[in-house]
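Working notes, beginning with the structure itself.
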Amino acid sequence: MPQLTLVVGTKNYSSWSLRPYLALAQTGQPFQEVVIQLGEPDTTGKILQHSPSGRVPLLKHGDLSIWDSLAICEYLAETFPEARLWPQDKTARAVARSVTSEMHSSFAALRQHMSMNIRSRKPGQGRAPGVAEDIARITAIWNDCRARFGQGGPFLFGHFTIADAFYAPVVTRFVTYDVALDAVCAAYRDAVLALPAFQKWAEAAKHEKPVARYE
Ligand SMILES: N[C@@H](CCC(=O)N[C@@H](CS)C(=O)NCC(=O)O)C(=O)O
């Protein structure tokens with residue numbers, strides 16, 4: 001098996017990087033990691049040494065480079081089917097792809113005003129126009145998935161899937177900004193926070209250099 005290397009941004013802030021990291025950890029495959037510090041004068045140059053898009057994350061598998069969080073997760077699902085990164089059932093898989101794509105393309109207000117900052121606590125901040133609507137939509141998605149597909153475990157589709165990887169940065173935002181959740185969403189949040197791979201990422205994030213523009 002060719003070497004797997006995941007290139008990510010500063011873990012405390014790089015929400016897009018956290019997603020494929022969790023999916024890759026779920027495969028159980030050994031991998032190397034390159035962490036690029038965001039917000040430095042040479043950040044773009046360093047990212048461009050790996051990624052043609054000038055953005056992280058990027059996955060290298062031997063000679064192959066794959067960029068964009070969703071493309072990486074799709075590649076992992078195809079390469080390691082035993083990890084069940086998508087639900088087995090076609091209907092559940094279609095919904096999992098829908099909610100994942102919605103996360104990939106939407107929730108601009110939440111992303112802008114509640115940016116990911118795993119180690120920080122900012123209760124009450126970030127309540128800008130549009131944020132409450134994004135939170136309402138996300139919590140509706142979580143409730144719907146848990147009710148319809150969540151019987152086999154604590155995640156959106158029971159066992160851990162790419163949909164959970166995509167919503168994990170939202171989980172951390174809800175902790176950072178102290179967003180009140182109903183019982184179903186609070187239990188789901190806690191299941192994501194308890195993932196060993198998430199805990200490892202969050203522990204590393206505690207020790208990183210702060211980046212003023214993301215604080
Ligand atoms: N759509 C891309 C977004 C990637 C993205 O925006 N990454 C940010 C970090 S989270 C980045 O590389 N920013 C470049 C920089 O800060 O210089 C994906 O899903 O991977």
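In what follows, every heavy atom counts, from backbone to side chain, and hydrogens, waters and symmetry copies are set aside. Whatever order the structure lists them in is the order used to number ligands and atoms, beginning at 1.
- No part of F166 comes within 4.0 Å of ligand 1, judged by heavy-atom distances.
- Of the candidates S14, S15, G9, the one placing a heavy atom closest to atom 9 (C) of ligand 1 is S14.
- Distances from atom 4 (C) of ligand 1 to the heavy atoms of I36, L58, V56, T10 show the closest one on V56.
- Of the polar atoms of T44, none of the N or O atoms is found under 3.5 Å from an N or O of ligand 1, judged by distance alone.
- Of all protein heavy atoms, the one closest to atom 13 (N) of ligand 1 is R55 NH1, 3.6 Å.
- Each of the atoms 17 (O) of ligand 1 lies under 4.0 Å from some heavy atom of T43.
- The pair E102-R137 counts as a salt bridge, with a side-chain nitrogen and a carboxylate oxygen less than 4.0 angstrom apart.
- Neither the backbone nor the side chain of R19 has any atom closer than 4.0 Å to an atom of ligand 1 (non-hydrogen atoms only).
- Proximity to P57 (heavy-atom distance under 4.0 Å) selects the following atoms of ligand 1: 20 (O).
- Close placement of the W16 and H104 rings is indicated, their centers lying within 6.0 Å of each other.
- For D190, the salt bridge (charged side-chain N to carboxylate O under 4.0 Å, His left out) test picks out no residue, with sequence neighbours left out.
- With sequence neighbours excluded, no residue satisfies side-chain hydrogen bond (donor to acceptor under 3.5 Å, both in side chains) with K122.
- Between F174 and W142, the ring center distance clears the sub-6.0 Å criterion.
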